[in-house]
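Each remark here refers to the structure printed beneath this line.
No hydrogens, no waters, no symmetry mates; every other heavy atom, side chains included, goes into these values. Each ligand, and each atom within it, is numbered from 1 in the order the structure gives.
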Amino acid sequence: MKPIFFLILLFSTSIYADNPKHDKAAWKTLSLLKQTAKSGKVMFGHQDDLMYGQSWTLSKDDHDYKKSDIFSICGFYPAVLGLDIGRIELGGERNLDGNLFSQIREAAIVHYNRGGILTFSWHTDNPITGGTAWDVSCNNVVGSILHDPVYNHKFLGWLDLCAEFFKSLKSKNGKLIPIIFRPYHEYNTNGFWWGGSTCTDEEYIELWKLTYTYLVKNHKLTNLIWTYSPYNVQDKVVLLRRYPGDNFVDIIGYELYQIGAVTMQAGVNRFVDDSRKGLTITEEIAREHNKLVAFCEVGMPGVQYPNWWTECLYRSIHNRNFAYVLTWRNGYKSEDYCGPCEKSASVSDFKEFSKKDICVFLIQKR
Ligand code: BMA
């Protein structure tokens, strides 16, 4: 072996040895995300893309995962597939949106084998009240998980079920599939039991570290890429307020929906202004901490603005350095879809958007 090759080999082995928190496949995914961010391109993602669309849903017997609203409009699958394991903690067969966990697993594996990237959120039920992730009626949920032995035990059991599911995601060679994991998002809203009004900053950080340590150290889930993701941050202090530390985070996220404006034009302007400023701040902080950035959730529910893709989203995301943008799901109710679909007014605009140089879709391996 020539010395130069030997040195490279030695160097790369030592990188892995120093970073036991990521296995080789996760490392490769991180490199791909990094390259994309550097190039100024953005991978396009869609939540639940292979599970249902605005006018179709999988039947129990569907196992080929060929249907996709995005594919039917532009001829490509999204590069990033978003999925959610909310209710895995209850041990049932369906997630919070009615998707079978068995089909979530199959879809994830199919997407990965096609060459795509996966991200999972976890809208965990409230472990104290038994309500949903949005149940903020009790203001000591995180405190109880951390300090009450009964709830601590219960929550670790939930993490075991979450880990079991992630361990079932294996590629053809039997290795764990890399997962961009985004738990406890939008902490700066009051929308979830881990949010602003129901837990302190310190408790949130402890919850994050507990989750991280339990999944990475106890369960050896070195395929996870950890994503810390607040909602529409416009301020560096807010962005760092619950930051668990560089050793516990790989990607810093930004999220924004176009909602609640008095007029359509005001909504468009506000969306573009907020997202450009928010993404700039997120990119600055990420650079200082040597992290990647992603636009982890985005959408205009119902997409009533026909040119939303080129006039809003494109204006926000071009000329930047982040890895991917994930459009939220195409739910059945008209106010609940954020991607394009055949019936929506924005179909032709989405086709234009998909042809932009910066947009990366999934080119399937042959
Ligand atoms: C939210 C909404 C909910 C859904 C949840 C998890 O943003 O779309 O309807 O249950 O995400 O997918």
Taking non-hydrogen atoms only, is Tyr337 closer than 4.0 angstrom to ligand 1 via side chain, backbone, both or neither?
-> neither
Hey, what's the ring geometry for Phe44 with Trp309, parallel, tilted or perpendicular (30° and 60° as the breaks)?
-> perpendicular
Return the minimal non-hydrogen interatomic distance between Ile251 and Tyr324, and the atom names on each side.
-> CD1-CE2, 4.5 Å
Ligand 1 contacted by Trp122 (non-hydrogen, < 4.0 Å) | no
Trp226 and Tyr212 aromatic centres sub-6.0 Å | yes
Would you call Asp23 and Lys175 a salt bridge, using N to O less than 4.0 angstrom?
-> no
Nearest to atom 5 (C) of ligand 1, what protein heavy atom do you find, and at what distance?
-> Trp134 CH2, 3.7 Å
Is the gap between the ring centers of Trp308 and Phe271 under 6.0 Å?
-> yes
Short version for Gln47: what comes under 4.0 Å of ligand 1, heavy atoms counted, is neither
Provide the number and element of each atom of ligand 1 under 4.0 Å from a heavy atom of His123.
-> 6 (C)
Protein heavy-atom partner closest to atom 11 (O) of ligand 1 - residue, atom, separation in Å = Trp328 NE1, 3.3 Å
Parallel, tilted or perpendicular for His123 and Trp194, by the 30°/60° rule?
-> tilted
Heavy-atom nearest neighbour in the protein, as seen from atom 6 (C) of ligand 1, with distance rounded to 0.1 Å = Asp97 OD2, 3.4 Å
Among protein heavy atoms, which lies nearest atom 9 (O) of ligand 1, and at what distance?
-> Arg329 NH2, 2.9 Å
Looking only at distance, does Glu297 have an N or O less than 3.5 Å from an N or O of ligand 1?
-> no
Subset of ligand 1 atoms that lie under 4.0 Å from at least one heavy atom of Asp336 | 8 (O), 9 (O)
Are Phe166 and Phe181 near enough that their ring centres are under 6.0 Å apart?
-> yes
